[in-house]
Amino acid sequence: GNKIILFGGFRSSTIRYNDIWILDTASDEWSQPHVGITETKADGDVVFKRQWPDVPAPRGGHSSTLVGSQMFVFGGYGGSGYARRDFNDVCALDLDTWEWRPVECTGNAPEPRSGHQAVAVNENIYVIGGWNSMLQFDNMYILDTTTNMWVKPETQNSFGPPRWNFSAVSV
């Protein structure tokens, strides 16, 4: 509809978020589905007042992709405090109930990465590029959200050199 949903992100090398913010583009107002779960202190630290079950770890450089009424979050880097770890996990947020669930995937999963792009085509999520502390990627993986199975296509058309922090769109 007329809403933009944001998950997580980072503020500095030690402050990363795993909260949800909603922008209503009709009223230009921000809100949160679980007001009061987190509190941001004056120094920028985020403190959890109560637990939101199965919420993913704080992270930035991840992707959030809408398939039906589910927002799938893949990868990124993060952790709490000075922790820095690249992720290749998948979590889904049900936008009808505002409940998180970890997604147990099978198949050939992508290497942990951040700065990648993910786009949805029907029930599939295409993850492209990205990087981790060792490599930049020029590959693509497909997650079928009906079976939760990852596939790396055997034949991949080159989209140029490895890249990260770029944009992609499905049409």
Looking at side-chain heavy atoms only, is the closest gap between Leu93 and Glu99 below 4.5 Å?
no

Between Asn18 and Pro56, is there a side-chain heavy-atom distance shorter than 4.5 Å?
no

Provide the closest heavy-atom pair for Met71 versus Ile5 in the form atom of the first, atom of the second, distance.
SD-CG2, 4.0 Å

Check whether Phe87 forms a cation-pi arrangement with Arg59 (NZ or CZ under 6.0 Å from the six-membered ring centre, at most 45° off the ring normal).
yes

For the residue pair Ile20 and Trp98, establish whether any side-chain heavy-atom pair is separated by less than 4.5 Å.
yes

Smallest separation among heavy atoms of Val127 and Arg113, with atom names
CG1-CD, 4.2 Å

Which heavy atom of Ser170 sits nearest to which heavy atom of Ala120, and what is that distance?
OG-O, 2.9 Å

Side-chain donor or acceptor of Ser63 paired with backbone N/O of Gln117 under 3.5 Å:
no

Which pairs pass ring-ring contact (aromatic ring centres under 6.0 Å, His included) with one or both residues in residues 54-76, sequence neighbours excluded?
Phe7-His62, Phe74-His116, Phe74-Trp150

Calculate, to the nearest 0.5 Å, the distance between atoms CG and CZ belonging to Asn132 and Arg84 respectively.
8.0 Å

Is the backbone N or O of Asp96 less than 3.5 Å from a side-chain atom of Asp94, with the two atoms forming a donor-acceptor pair by type?
yes

The reported gap from CD1 in Ile142 to CD1 in Ile128 (rounded to nearest 0.5 angstrom) is 9.5 Å

Could you tell me which residues satisfy ring-ring contact (aromatic ring centres under 6.0 Å, His included) with Phe10, sequence neighbours excluded, listed by chain and number?
Tyr77

Do Pro33 and Ile22 touch side chain to side chain, with heavy atoms closer than 4.5 Å?
yes

What distance do Arg11 atom CZ and Arg16 atom CZ have between them, rounded to the nearest 0.5 Å?
13.5 Å

Donor-acceptor pair, distance only, cut-off 3.5 Å: does the side chain of Asp144 make one with the backbone of Met149?
no

Shortest non-hydrogen contact from Asp86 toward Ser114
OD1-OG, 3.8 Å

Closest non-hydrogen atoms of Met140 and Lys152, given as atom of the first, atom of the second and distance, are O-CG, 3.8 Å

For Thr145 versus Val67, what's the shortest heavy-atom pair and its separation?
OG1-CG1, 3.7 Å

Applying side chain to side chain donor-acceptor pair (under 3.5 Å), can you list everything that pairs with Asn2, at least two apart in sequence or on another chain?
Asp24

Glu123 and its side-chain contact (heavy atoms from CB on, under 4.5 Å) partner, picked from Thr147, Thr146, Leu143
Thr146

In one Ile/Leu/Val/Met/Phe/Trp/Tyr side-chain cluster, 4.5 Å: Leu135, Trp164:
no

